[in-house]
Amino acid sequence: MTVVKSPLPEPARQITFDALQGTLVDLLGLSLIGKQAHWNIVGPRFRSIHLQLDEVVTAARAYADTVAERAAALGLPPDGRPETIASAFTLPSPKDGWVRDEDVVQVIAESLGAAVTRLRKRIAATEEADPVTQDLLIGITADLEKQRWMFEAENWPRES
């Protein structure tokens with residue numbers, strides 16, 4: 001059953017759906033690992049990183065909603081069910097239990113970096129398939145790159 005007819009031809013529709021669904025999984029996963037780290041961070045930089053994690057979570061949740069609504073507007077049913085996210089999410093995550101502040105910073109920077117790498121591939125894939133979706137992904141990428149930069153700066157200079 002099609003509720004909303006997509007204005008995109010079938011090949012472009014599939015490319016766009018794959019890009020949006022993959023981005024939705026990454027964003028919802030980022031919001032979950034951001035909260036996991038937020039609740040379990042310990043160390044001398046607890047407060048500042050604790051608050052910084054909320055910024056990532058808020059952005060990821062807002063972008064997830066925008067991405068899901070873009071998919072729905074194109075007649076592409078977004079899937080944000082917990083089992084879908086659990087089975088498809090592969091970005092780096094913090095370990096369970098208490099996590100030192102420098103380790104939180106590192107894993108969040110790695111997760112954001114991996115998400116950005118995937119987004120850049122999706123930007124390239126949607127260039128011809130759906131420039132409107134491409135534009136949306138470009139904006140999300142810019143913000144996540146900024147977040148990644150801010151986390152990477154937290155651990156500089158990194159001791160080897």
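When reading the values below, keep in mind they use all heavy atoms of this one structure, side chains included, and skip hydrogens, waters and symmetry mates.
- Ion pairing between a basic and an acidic side chain is recognised when a charged N comes within 4.0 Å of a carboxylate O; D103 and K95 show no such pairing.
- Between T126 and A19, the closest heavy-atom pair is CG2-CB, 3.6 Å.
- Applying side-chain hydrogen bond (donor to acceptor under 3.5 Å, both in side chains) to R122 and the options T23, T16, T133, D18 leaves one that passes, T23.
- In this structure, CG in L74 is found 12.0 Å from NZ in K5, a value given to the nearest 0.5 Å.
- At a threshold of 4.5 Å between non-hydrogen side-chain atoms, the residues V56 and F151 count as touching.
- E110 CD to S93 OG: the interatomic distance, rounded to the nearest 0.5 Å, is 10.5 Å.
- Across every non-hydrogen atom of D143 and A59, the tightest pair is OD2-CB, 3.7 Å.
- Note on V116: it does not cluster hydrophobically with V57, by side-chain heavy-atom contacts below 4.5 Å among ILVMFWY residues.
- Checked by atom type and distance alone, the side chain of D26 never pairs as donor or acceptor with a backbone atom of A115 at under 3.5 Å.
- Pairing each heavy atom of A60 with each of L30, the nearest pair is CB-CB, 4.2 Å.
- Closest of all the heavy-atom pairs between A64 and L28 is CB-CD2, 3.7 Å.
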Item to check | Candidate pair K35 and D54, rule side-chain contact (heavy atoms from CB on, under 4.5 Å), full reasoning | outcome: CA-CA 7 Å; K35 272 301 180 185; D54 269 340; 2.8 Å; yes

Next on the checklist: Apply side-chain contact (heavy atoms from CB on, under 4.5 Å) to residues Q147 and E152 and explain how you reach the verdict.
Outcome noted: CA-CA 9 Å; Q147 294 287 348; E152 283 186 346; over 6 Å; no

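- Looking at T58, its side chain never comes within 3.5 Å of a backbone N or O of E55 through a donor-acceptor pair.
- Remark: side-chain polar atoms of R13 are paired, donor with acceptor, to backbone N or O of G75 under 3.5 angstrom.
- Remark: D130 engages R70 in a salt bridge, criterion side-chain N to carboxylate O under 4.0 Å.
- T84 places no side-chain N or O within 3.5 Å of a backbone atom of G80 that could act as its donor or acceptor partner.
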Item to check | Working for side-chain contact (heavy atoms from CB on, under 4.5 Å), residues E154 and Q52 | outcome: CA-CA 11 Å; E154 286 280 348; Q52 190 176 357; 3.0 Å; yes

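- Side-chain N or O atoms of H38 include none that pairs as donor or acceptor with a backbone N or O of L53 at under 3.5 Å.
- Residues I49 and F46 are members of one and the same hydrophobic cluster, defined by side-chain heavy-atom contacts under 4.5 angstrom among Ile, Leu, Val, Met, Phe, Trp and Tyr.
- Looking only at side-chain heavy atoms (C-beta outward), D101 and V42 stay at 4.5 Å or farther from each other.
- Q106 and E102 form no side-chain donor-acceptor contact under 3.5 Å, judged by distance and modelled atom types alone.
- For S111 (side chain) and L91 (main-chain N/O), no donor-acceptor pair under 3.5 Å exists by modelled atom type.
- The side-chain heavy atoms of V104 and Q36, taken from C-beta on, include no pair separated by under 4.5 Å.
- Hydrophobic clustering keeps I33 apart from W98 (ILVMFWY residues linked when any side-chain heavy atoms are closer than 4.5 Å, directly or through intermediates).
- At distances below 3.5 Å, not a single donor-acceptor pair connects side-chain atoms of N40 with backbone N or O atoms of V99.
- For the atom pair L144 CG and R148 CZ, the distance stands at 10.0 Å (nearest 0.5 Å).
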Checklist entry - Between I15 and E128, is a side-chain contact (heavy atoms from CB on, under 4.5 Å) present by the stated rule, with each step listed? => result CA-CA 10 Å; I15 290 167; E128 289 188 33; over 6 Å; no

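- No path of Ile, Leu, Val, Met, Phe, Trp and Tyr side chains, each step under 4.5 Å between heavy atoms, connects V105 with M150, placing them in separate hydrophobic clusters.
- Between the side chain of Q134 and the main chain of I123, a donor-acceptor pair closer than 3.5 Å is present.
- When all heavy atoms of A114 and P92 are compared, the closest pair comes out as CB-CD, 4.2 Å.
- The nearest pair of heavy atoms linking G43 to R100 is CA-NH1, 4.0 Å.
- Judged by distance alone, the side chain of D79 and the main-chain N or O of R81 form a donor-acceptor pair under 3.5 Å.
- Atom CD in E127 sits 12.5 Å away from atom CG in D135 (nearest 0.5 Å).
- Checked by atom type and distance alone, the side chain of R120 never pairs as donor or acceptor with a backbone atom of I138 at under 3.5 Å.
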